[in-house]
Structure formats: structure tokens, C-alpha cells
Amino acid sequence: MQRRFNPLEADAKWQRIWDEKQSFRADDSSAKPRSYVLEMFPYPSGRIHIGHVRNYTMGDVLARFRRMTGHEVLHPMGWDAFGMPAENAAMEKKVHPGDWTRSNIANMKAQLKRLGFALDWSRELATCEPDYYGQEQALFLDLYEAGLVYRKESAVNWDPVDMTVLANEQVIDGKGWRSGAPVEKRKLSQWFLKITQFADDLLSGLDTLDQWPDKVKLMQENWIGKSVGLQFRFKLDTVVAGTETIEVFSTRPDTIFGASFAAMAADHPIALELAKNDTKLATFADECRKTGTAAAEVETQEKLGYDTGISVIHPFTGAKLPLFVANFVLMDYGTGAVMAVPAHDQRDLDFARKYMLATPRVVSPDGEDAPIGDEAYVGPGTLINSDFIDGMEVEAAKAAVIARAEGEGWGQGTTVWRLRDWGVSRQRYWGTPIPFIHCETCGVVPVPKDQLPVVLPEDVSFDIPGNPLERHPTWKHVDCPKCGKAARRETDTLDTFVDSSWYFIRFASQPDDKPFDKAVAEQWMPVGQYIGGIEHAILHLLYARFWTRALNYCGKIDVKEPFAGLFTQGMVTHETYRARDGRWLSPEEVEKQGEGYVIAATGEPVSLGRVEKMSKSKKNVVDPDDIIDQYGADAVRWFMLSDSPPERDLPWTVSGIEGSWRFINRLWRLFGAVDESGEDTGTEDKVLMRKLHQTIDDVASDIEALSFNKAVAKIYELANAIEKAKPSASRTEAIRTLALLVAPMVPHLAEEAWADMGQAGLIADVAWPDVDPALLVEDEVTIAVQVMGKLRDTITVAKGLPKEELEALALAAPNVARTIEGATPKKIIVVPDRLVNLVI
RNA sequence: GCGGACGUGGCGAAAUCGGUAGACGCAGCGGACUUAAAAUCCGCUUCCCGUAUAGGGAGUGCGGGUUCGAGUCCCGCCGUCCGCACCA
């Protein structure tokens, strides 16, 4: 009778047993080597997505494998549970954000459980619960005491309809993403975290992260954006409202003798002042503000300027340079004004050509004063036409100019960062309340730690737009902790990125009375392997690196980098289908017919679209629950690991998951063959044993390298070899060992087989099989024989055969003899145990 | 525009050090079993010439180069994708 694996029964059974035995609980006091494996925790949107399944399966395989190799593994799961969708649901469906979120968590947890992940659920946390965000408030106060938190007036994107602040990413073409209303700039008092204090450290720390993708490190480097240069003051030839100088920044102070004009942003204070009495300038400035900052616009936009009629005085030559207001100068970078050197900066050159300004060369690769064409020269060279720095190389000239400016007191060497301090105020309900009180007498007063957590009120309404905390009848009214007079609670809540900036430490240590225990957390930290999507390359990963440094700065933890290893996995994609009228069709609606697809119900032809990321709008979504129902957890897990390298996109296909399901059953039949055949002849199968031990070794290193697709291929090869092998003691051993090799990937099947084979205990508790090094070396090798680099034949010989013998055998190989037709080779190249190449 | 990654059969992909290109899976084709289907098993499957399980030729985006030998190294193109975006 054919054995068919029954995942419906097996999955639930083993999940229950693992639960009962607390198999995956991490022991804080273990003497084993530690391994912290973490996947980015999900936002509880309601359903898990196939992308989550891929992400968590990868982490699970690594976690289970590390357990088998003798590690004490921490592999936790939680919920990034604050955020806007819950408030949107509250507005649309009239449910409380907390109820909505908690029921989503319950649903998603049930879904995750069905996949049999080896998670320590005892450490589960949700950021929306007071036991988490209360500790976050305590940490926020610690950072405040350390001087890392401050308030400042800041221009924000204000949505006048939703009556709330929007993040830059939520403003699309100048309009609120939800309301569609034109966004206003408003000055509001906002809470900030001093991330810029750690800018240099966050940058140099990247060099220590040798287990991070270069791509992510580069993105962070660009985001932090360090520029070193000279900040200096030009004297103005006309005093503007009491101002006699304009401050500029340049990364190329060496080119200062090539400056032919200066330019400032339309919003520069001097420009604003001048515009008061110059309507043409005011109009021009308005034009500058109107043009968008969208990629396409910037690229095509012409350099435009307005000559103010004022000049700046060159600090060395005393020459008068015209001062322009220019649309390419940004107020929020550097000082909002620049010295322009057209010969050595492309933007300055474009501008100079348009307004007929001089373009003197001051750096030359060959010392010649060649005229500048349409391209600015930005390469290395020697300074010319530059007074006291003539003849110097660029770097020396930079230093010389900075030294002179500092000596004469009109400028100083400076570093400018693109990174801004992190604005964490949100005018939302569903977030961590910022633990401060505003008192008319005492000012901004921190909530005393013994009064934490500041808990969100439950009785809120979402009938009208705006922040429900702000209009709650009682919540914000409190007495000042200092003077006892009536005062007002801060009604802003924290950006949810704060919540995800330390959850990994709370997983490692979760006491009731403090955010974490230093010693316990340090035993686990840093996270050994962190796995998640590339979309978090900058924000989340940078914030978490900052927050960990901030805690380190406060003496809370002896760790600076939270994630030693980072892996960014690819997306799960799917074909898209469209009907003739252009509407998207879901996979269930279409049917394969011959080479193409038709609508199942009507037979109407369907056009096949691109393979894209699964999304509701394109209707190419596959629900994890449905496929688990159909094929069981193991087939789904196996598919997630097969074929595509984990960092690349994985195309979901029905034939692919069916292939996985077929293999699950092939394994199941193979495992059944151990008892059934009874044909263990006691004989040894050396070839199979060699294959087995090579596979044990390969699969182990593939899993460590997260090359799951390769591990899967090796397991297929071994299964093929076992099926072809004749019954023997070796074959029985190989089958039993195969169960161990697949255990991290298809754990339910492995447990079922282990029990079925009469083995004691759980396979989850069995160690990874040992490799016999003697079996890793072949005693016979197949050698390629080439003539002039072209393969002509192969010969199989004993390993380690001396050069002369190989040459003789190669010359004697029939195909070779025919090809060279008796000629004597001029040269013979022999690579021992690999190949012989005859040069005629 | 700047920066980065990638380009291998019909498809997803292997090839860890410059040494037999295409392992493994999917799809496809042929066969066995079956009344039939499903399931399963066996075989073939880069392209071209060839009756051939003989043999040969071409072949890793394109054009060059280095080398006894290049998917891999170097130079120059082309294409796709991703990130950033007037950053002084």
C-alpha cells in the first residue's frame, strides 16, 4: 500500500507536543553557546502574508539547525502593534483600535502556529500593551536625562482635513495620502531625538558590520551623508537689515580662487529680507517654492537665478562677485548659500553659461590652463591661477585654505551632515504617550518614573478628525508633579519606529520592573542573525542602531551594534492576469488552456502580465492559510526554501508547490521503507555512505550561509541516491540520517518519521549528525582531458595519481588519440585530480 | 545625473580558488503499471549537424583582451532592476 503523508493530523499533533514540552523555550541560564535568531516582527494587519511565511521559515530553519548543533537558541516573536491602520479602522469600522489590533494579533498568531515555527512564545510581546510601552517611556526619560531628547519649533506637513501631521512619505504630490487635501507647512513644537550626535559613530560603526549586505551599509552611508569642508563668511558690499556677511559652505575650498559668483536659496533670510522691497525677487522666490522636489522634475529643471544686485567680497582677492538667488540652492542643507565655482562644479557651470558668468579654471590635471567646455572638471590635479596655493595638489590646497581662513578668523573647517535629528512627535492616538507634563510655572516636566506607565485612555472617539487625546475630556488634565498646580499632559505620541528600536532587547530580557536586565540582555545581544525586508534598510535599521547607541551612552547596555548579522530576503512574486477589458483577475478565476490562460467561467482569453510582488490591487495574492489547508505546513515551508536564492525574488507557482508536496510524500515513503523492506542485509554501501557524509557537510554549511536553495538541491540528490541504492545497512542508516537533515526544514514530517521509525524522543532534540572526515575524500576521481582547452574525453583514475601516469593515460584515451592524430604535444598542463590539457 | 546589483536552457537556478557549463527543481516528450484516470515508477530533455545510445560544431547579454584554459579576471558597450536625488 502506498503511504501518503497526512499533514492535517501530523502538523497539529507535533505542534501540540512541542507546545506541551516547551521545546523551544530559551534558557537564560544555559551554559551552551548562545544563538539569537530574529526575524523582523510583523505589524498586526489581520492576516499573515506569504512574504512573512518566507521570512519566518528562513529564520526557523536557522534556529532549528542551531539547536541541533548545540546552541541555546533565542527565537522570539512579537507584534509591532501601534500605528495608523488601527486608527483608520476605528474611523471606518467604528471599532476601538485596541480591539481591532488585539483580535488581529490573535488571528495572526493562530496562522503562525500552523506553520510550526520553533518560537519561544513565552517571550511574546505587543508594543501596544502598557507593559511594553511603559518601559519605553522609562527609556525615553533616561534619554532625556542624558540630553538626547529636546523640543524645538519645526515646520511639519499638516493635513488640514485629517488635522494631523504627516510624515514626508505620506505626502504625495503635495497632498495628504488619505484626505487628498493640499498639505500645509506648519510650525509646531515637536519632540526630537539627537541622532546627529551619533552621526560619526553610526557611520564608522558600519565598517564593523562585516555580516551586513554592502548594499544596506552603502544606503545608510549615503543617508548619513558626511561632507567635510570649509564654512566661511563672505562680506556683503551692501548691508541688508543689519547683516554684513553671508555664510557659505563648500567641500572644495581649494577652488576658492575660481569662484565667480555666490548663490543663496529663495528661503534664505537675506533673500526674504530683500524680497520685501523687490517684487520681482518675491515673484521669483515664489516660483522656486512652487516647483516640486519629485525626481523627474528635478532632473529636467533648468537652473534659474535672480541677480540681487548685491555683491560679495572675495576673502583673498577682494573681487566683487554677484550674489544670486538660485533655484538649485537648498535652504535646509549646509548654510543655504554657496560660493559658485563654475569650472569645477557642474551645476555652477550650467548656471554660469546661462547668465554669462566667468568660468576660470583653477585645477588642472596637467598644469595647463585649458578652457572649460560643457563639463566641469572635478578630477584630481594641480592648483593654478590660485595665488598662494598654486602648484599644490587638491587635498593640500584644501587644508591650506582652511588653515588661512581659521587663522584670519573668517571661516573654519566643518563637517556637514545630511542626517537630521529624528522628529518623533505624532499627533495620533494609537501610539506610546510621550511621558511629559506641561506646567505654566515649571515648564516641561518629565512624568516621575514611579508614575509610569502613562496609559492611553480607552474611552476615545474617532467621529471627528484630529487627535482624540487632545480633545479627551479628562485625560490630559493632571497636576504638575513639581509644583502641584493644574497642568496639561503632552498629547503627542511617539513615532512607531521608536517601538521597534529596542524590542529585540526586551525579547532578550523581560522583567516587570524595568525595561530589561543589563546582564541578562547582554548574554544574548547582539542579535546574531536578523532577517527581514530590504525596505527597512534605512529607517528601522538606522533608528535601532541609534537607539542601542543611546542606551549604551546612558550606561544601560554594553552593546553598540544591535544586529551582528543582517540578511535581507527577496519578495514572493506571482504572475498577474488581466481580462480583455483590463481588469485584474485572481488566480482562482483563471484556468490554463494549452499555452495560454482563459477565464474559467466564461472561456474569455486572459493576458498574462508581469510576475510581480503580490498585492491586493493586482489580485495576485495567495493566502497562506489556503495553501496550508491544501498541502500542509511542510510543503509550504519546503517551497519557500527551494529554487530561488533567498535574497532574490521567489515566484510562486502552483506546479512549484505541487512539486514540494510530491517530494514530501517521496520522503515519507522513503522513511517508511526502513522497516517495511526488512532488507537490511548488513552490507556496507561505500558509495552511498560517501554521498551521505558529503551531504551532511554541505547541507550544514549551506544552512549556515542561508543558502537554503542549495541545501534543498543537495537533499534531493541524496534522496535520489538512496532510492537508487540497493538495500544495505548503509541505506538504512542513510534514510535515518536523512530525517535529521530535513528536520529543520520540514519538522512535522521529520517528527512523524522519527516516531514511525521507532526512534526515542523528539527529533527536535536530536543533535545534527557527525561527519566522518574520511568519507569526505573520494578515492577515485574523474579527470577531464582537454586538447587545446577543449574537452575531448574523461578518465576515471585513483585519487592522487602522479603527473606522469596521468599524462600517459590522457594520451591513451581513445578520443584524445584520434584528435591529436599522433602529434606530440608541445606542452602538457596537469592539474592533479582535476584535468590534463594537451597543447599541440 | 550619481551610486549599487544583476544578465547562464522554455522557466526557477547550480558551478565556493580561473579547470568537465547547465547539478537540483519546474514544465515538456516518450514508456511502464491501470479497463481508465489519478498517484507512482523508468527514460529523454541547451541549441545545431547527424539514423545514431558514434562523432562533431556552437554556446553563459554584446565587442575586445589576458591565459594552456574565462560564466568566473581586465577594458569598452548594451540591457534590466534597486537606492538616492539640485547635498554645495
I want to know whether A:Y355 and A:F324 have ring centres closer than 6.0 Å.
yes
How far does the P atom of B:A27 sit from the matching atom of B:C75, given to the nearest Å?
43 Å
Please classify the nucleic acid contact of A:T335 as base, sugar-phosphate, or nothing, using heavy-atom distances under 4.0 Å.
nothing
Just to be sure I understand the rule, does A:K826 reach a base, reach only the sugar-phosphate, or reach nothing, if contact means heavy atoms closer than 4.0 Å?
nothing
Report yes if at least one side-chain N or O of A:R834 is closer than 4.0 Å to OP1 or OP2 of B:G18; otherwise report no.
no
How is A:V831 classified with respect to the nucleic acid when contacts are heavy atoms under 4.0 Å: base, sugar-phosphate, or nothing?
base
With rounding to the closest Å, how many angstrom separate the P atoms on B:A70 and B:G19?
11 Å
For residues A:F5 and A:W661, establish whether the separation of their ring centroids is below 6.0 Å.
no
Before accepting this row, confirm whether a basic side-chain N of the pair A:E395/A:K398 lies closer than 4.0 Å to the acidic partner's carboxylate O.
yes
Give the C-alpha distance, both sets of side-chain angles, the deciding distance and a yes or no for side-chain contact (heavy atoms from CB on, under 4.5 Å) between A:L838 and A:V787.
CA-CA 5 Å; A:L838 308 172; A:V787 178; 4.2 Å; yes
With a 4.0 Å cut-off on heavy atoms, is A:L218 in touch with a base, just the backbone sugar-phosphate, or nothing at all?
sugar-phosphate
Against the side chain of A:N709, the closest entry in B:A88, B:A14, B:G69 is B:A14
With a 3.5 Å cut-off and just heavy-atom distances, do the side chain of A:K710 and the base of B:C24 make a donor-acceptor pair?
no
Measuring only the P atom in each nucleotide, how far is B:C73 from B:C49? A whole number of Å is fine.
34 Å
In terms of relative ring orientation, are A:W638 and A:F663 parallel, tilted or perpendicular, with 30° and 60° separating the classes?
parallel
Touch class at under 4.0 angstrom, heavy-atom based, for A:V416 against every strand present:
nothing
5'-most by nearest nucleotide on RNA chain B - A:Y333 or A:Q786
A:Q786
For residues A:T576 and A:N620, is any side-chain donor paired with an opposing acceptor at under 3.5 Å?
no
From the list B:C24, B:A13, B:G19, which nucleotide is the closest neighbour of the side chain of A:S644?
B:A13
Are OP1 or OP2 of B:G25 and a side-chain N or O of A:N720 less than 4.0 angstrom apart?
yes
B:G9: syn or anti, with syn meaning chi within 90° of zero?
syn
B:G1 pairs with which nucleotide, Watson-Crick or G-U wobble, both distances below 3.5 Å?
B:C84
Pairing check on B:G7: which nucleotide meets the Watson-Crick or G-U wobble criteria with it, both distances under 3.5 Å?
B:C78
Is B:U60 paired to anything, Watson-Crick or G-U wobble with both distances less than 3.5 Å, and if yes, which nucleotide?
none
Heavy atoms only, 4.0 Å cut-off, all strands: where does A:T794 land among base, sugar-phosphate and nothing?
base
Within the structure, does a side-chain N or O atom of A:S701 lie under 4.0 Å from either OP1 or OP2 of B:U16?
no
Quantified in whole Å, what is the P atom distance between nucleotide B:C44 and nucleotide B:U34?
24 Å
For a quick check of understanding: with a heavy-atom distance under 4.0 Å over all strands, which category does A:N837 fall into, base, sugar-phosphate or nothing?
base
With P as the reference atom in both, quote the distance from B:C17 to B:G71 in angstrom, rounded to an integer.
15 Å
Shortest side-chain distance from A:N327, nucleotide among B:C41, B:C86, B:G83
B:C86
The Watson-Crick or G-U wobble partner of B:A39, with both key distances under 3.5 Å, is none
Would you indicate which nucleotide in B:G56, B:C87, B:A88 comes nearest to any side-chain atom of A:R418?
B:C87
Can you tell me if the side-chain N/O atoms of A:K827 get under 4.0 Å from OP1 or OP2 in B:U67?
no
Do side-chain atoms of A:K217 reach the backbone of A:L209 as a donor and acceptor pair under 3.5 angstrom?
yes
Which nucleotide in B:C82, B:A23, B:G19 has an atom nearest any side-chain atom of A:L835:
B:G19
More 5' along RNA chain B: A:A337 or A:L650, using each one's nearest nucleotide?
A:L650
Give me syn or anti for B:C62, where syn covers glycosidic angles within 90 degrees of 0.
anti
Of the candidate nucleotides B:A14, B:A88, B:U20, which contains the atom at the shortest distance from the side chain of A:R648?
B:A14
Tell me which nucleotide among B:A13, B:A88, B:A23 gets nearest to the side chain of A:P645.
B:A13
Can any side-chain N or O of A:Q569 pair as donor or acceptor with the backbone N or O of A:P646 at less than 3.5 Å?
no
Can you find a side chain N or O atom of A:R662 that sits less than 4.0 Å from OP1 or OP2 on B:A27?
yes
Could you check whether A:R792 gets within reach of a base, just the sugar-phosphate, or nothing at all, counting any heavy atom under 4.0 Å?
sugar-phosphate
Can you tell which of B:A88, B:G4, B:G12 lies closest to the side chain of A:D643?
B:G12
Kindly point out which of B:G12, B:A88, B:G4 is positioned nearest to the side chain of A:P651?
B:G12
For B:G25, does either OP1 or OP2 sit under 4.0 Å from a side-chain N or O belonging to A:Y716?
no
